[in-house]
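First the structure, in the form of structure tokens, and then the observations on it.
Every chain is numbered from 1 and lettered A, B, ... according to where its sequence line falls, protein lines coming before strand lines.
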Number of protein chains: 2
Amino acid sequence: MQPCKGSARVQSNQFVIYIVAMDDQTDQTRKPRADAVRNRERVLEAAKLVFNAGGPEASLEAVAKRAGVGIGTLYRHFPTREDLFEAVYRREVEQLSELAEQLKSAKDPVDALRRWLRSGVEFVATKKGMVATLALAVQSGSELHAFSFERLTKAIGSLLDRAITAGAMRADISPEDLLRAFFGMCYMHDQPGWQASVLRMLDVFVDGLRAQPAAKTKARRTAPAKAPVKRKR
Amino acid sequence: MQPCKGSARVQSNQFVIYIVAMDDQTDQTRKPRADAVRNRERVLEAAKLVFNAGGPEASLEAVAKRAGVGIGTLYRHFPTREDLFEAVYRREVEQLSELAEQLKSAKDPVDALRRWLRSGVEFVATKKGMVATLALAVQSGSELHAFSFERLTKAIGSLLDRAITAGAMRADISPEDLLRAFFGMCYMHDQPGWQASVLRMLDVFVDGLRAQPAAKTKARRTAPAKAPVKRKR
DNA sequence: GAAGATACGGAGGCACCCTCCGCTTAACAA
DNA sequence: TTGTTAAGCGGAGGGTGCCTCCGTATCTTC
């Protein structure tokens with residue numbers, strides 16, 4: 001919303017403001033314009049429709065048109081495509097986050113993780129634009145798009161930690177790693193059978209995450225480096 | 001190159017019989033123009049540079065400019081961006097394919113698969129545009145871009161089959177599944193530590209692929225559904 | 001009701017995609 | 001060599017999308 005772009009917002013405090021400058025006073029008290037609030041909501045609504053249907057590449061001008069606002073208005077409220085994604089899918093990210101919270105009470109911690117991942121697949125299946133949020137959370141690094149990244153990392157991290165402390169899962173995988181792998185698998189949606197394929201692959205993956213029973217730990221985890229990899233090329 | 005596109009061309013001639021015969025004859029013998037051959041090569045060379053550096057999104061007009069040809073010439077030789085990718089990375093795909101062949105003589109079939117996947121990561125790391133080839137092979141379905149898809153599927157399939165028949169790997173995963181998962185993981189490159197992350201995840205994944213020792217086989221592998229061979233396509 | 005802050009919209013500049021077509025040029029035959 | 005002609009060339013041009021900028025309209029406040 002950013003009602004007052006300048007002024008590093010000192011927050012509702014009359015005294016300091018008065019002292020510092022007149023300018024701040026108006027910034028503090030003036031409430032956001034009604035049309036601005038309305039338009040922002042319209043754009044969000046339109047973006048949800050357009051992104052869910054058309055995926056992350058959808059035209060922003062189409063969004064603006066659908067919302068019945070000018071392209072300039074869209075850009076004022078959401079300066080980048082990413083901002084818009086984050087706003088549109090914030091709720092979904094929160095839902096995933098809450099789901100992780102709930103799953104922490106499940107008996108089997110490994111299965112809890114698996115179920116969380118499966119839910120993630122469903123989200124992506126329903127909302128084609130969701131994958132862009134994942135992409136941004138994962139690809140843009142933690143600084144930008146902090147919200148989604150943090151929430152998702154935390155969600156996956158809590159499930160991971162629980163499984164690790166229970167001794168059910170190997171300890172050398174970070175939540176970020178897992179998030180990236182998950183996102184990567186979801187990314188190749190769009191072919192016919194993608195959903196089933198991803199679910200199969202996730203099962204394989206979760207199986208791989210289980211703590212090795214030491215019986216068949218053969219050559220793995222002896223050397224974290226990559227000794228036997230390349231060969232000439 | 002398509003040297004004789006038409007040939008339904010009735011044109012210039014007096015007898016019907018003449019048409020067919022003459023037509024075929026000239027089509028057969030006329031050799032491709034030297035400038036066409038030269039330009040095609042130039043475009044390929046430029047595309048390799050541009051794609052390796054700029055990734056799959058790079059501008060085709062930049063490629064044309066770098067090659068010193070008009071944009072029309074580029075499009076004539078490679079009607080779609082995908083065609084260009086395939087031509088540029090054909091050799092790389094072949095190399096990966098051959099590597100799979102070599103790895104079939106390794107002792108441990110599971111490890112062979114792992115090594116192949118790791119080599120794939122290296123290819124992607126070196127050539128940023130390579131990921132586009134993977135994307136096309138995986139995403140566009142088997143009909144188009146048949147070359148890369150077939151080669152890669154075959155390569156991964158042969159390694160997979162060997163491991164499965166050796167009883168070292170679960171049998172309910174298809175080469176296509178695996179290829180997609182692999183590509184997906186590679187797709188999220190571009191952050192700092194992506195390569196290490198992907199290698200870790202691939203290890204996890206391959207571990208998950210190992211045949212379950214029946215001790216902890218919980219709900220998995222209820223329906224193998226597909227013979228150990230590749231099936232379909 | 002007036003003033004001033006705030007938001008609106010869309011024109012316009014840029015980049016890229018891809019097609020189309022008049023001109024050029026290489027291959028071949030005579 | 002020269003003429004013929006298909007094949008190839010290049011780039012203008014039309015389309016789409018991104019994003020910015022600024023004159024105008026509207027809202028809030030007094």
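- Within a 6.0 Å radius of CZ in B/Arg151, more than 12 heavy atoms belonging to other residues, nucleotides or ligands are found.
- You'll find that the side chain of A/Lys31 is closest to D/dT29, out of C/dC8, D/dG8, D/dT29.
- Regarding contacts with the backbone of D/dG8, every side-chain N or O of B/His77 stays at 4.0 angstrom or more from both OP1 and OP2.
- For A/Glu61, the side-chain atoms get nearest to D/dG17 when compared with the rest of D/dG17, C/dA7, C/dC18.
- Taking atom OH on A/Tyr75 and atom P on D/dC22, their separation rounds to 18 Å, with Å as the unit.
- In this structure, CG of B/Leu60 is placed 9 Å from C1' of C/dC16, rounded to the nearest angstrom.
- Under the 3.5 Å distance criterion, the side-chain polar atoms of A/Arg81 are matched with a main-chain donor or acceptor of A/Pro56.
- Closest contact between the side chain of B/Ala34 and the listed nucleotides D/dG10, C/dA27, C/dC18 involves C/dA27.
- Checking the phosphate oxygens (OP1, OP2) of C/dA15, no side-chain nitrogen or oxygen of B/Ser59 falls inside 4.0 Å.
- Nucleotide C/dA7 holds its C1' atom 14 Å from the CG atom of A/Leu74, rounded to whole Å.
- If you check every strand for non-hydrogen atoms under 4.0 Å, B/Thr73 touches a base.
- Between the side chain of A/Arg30 and the base of D/dT28, at least one donor-acceptor pair of N or O atoms lies under 3.5 Å.
- Judged by atom type and distance alone, B/Arg33 reaches the base of D/dA7 through a side-chain donor-acceptor pair under 3.5 Å.
- Which of D/dG10, D/dC19, C/dC18 sits closest to the side chain of B/Asn39 comes down to D/dG10.
- When the P atom of C/dA7 is taken as reference, atom CZ of A/Arg40 falls 12 Å away, rounded to whole Å.
- No N or O donor and acceptor, one from the side chain of B/Glu57 and one from the base of C/dC16, sit under 3.5 Å apart.
- Side-chain contact, A/Ser197 with B/Asp177: a donor N or O sits under 3.5 Å from an acceptor N or O.
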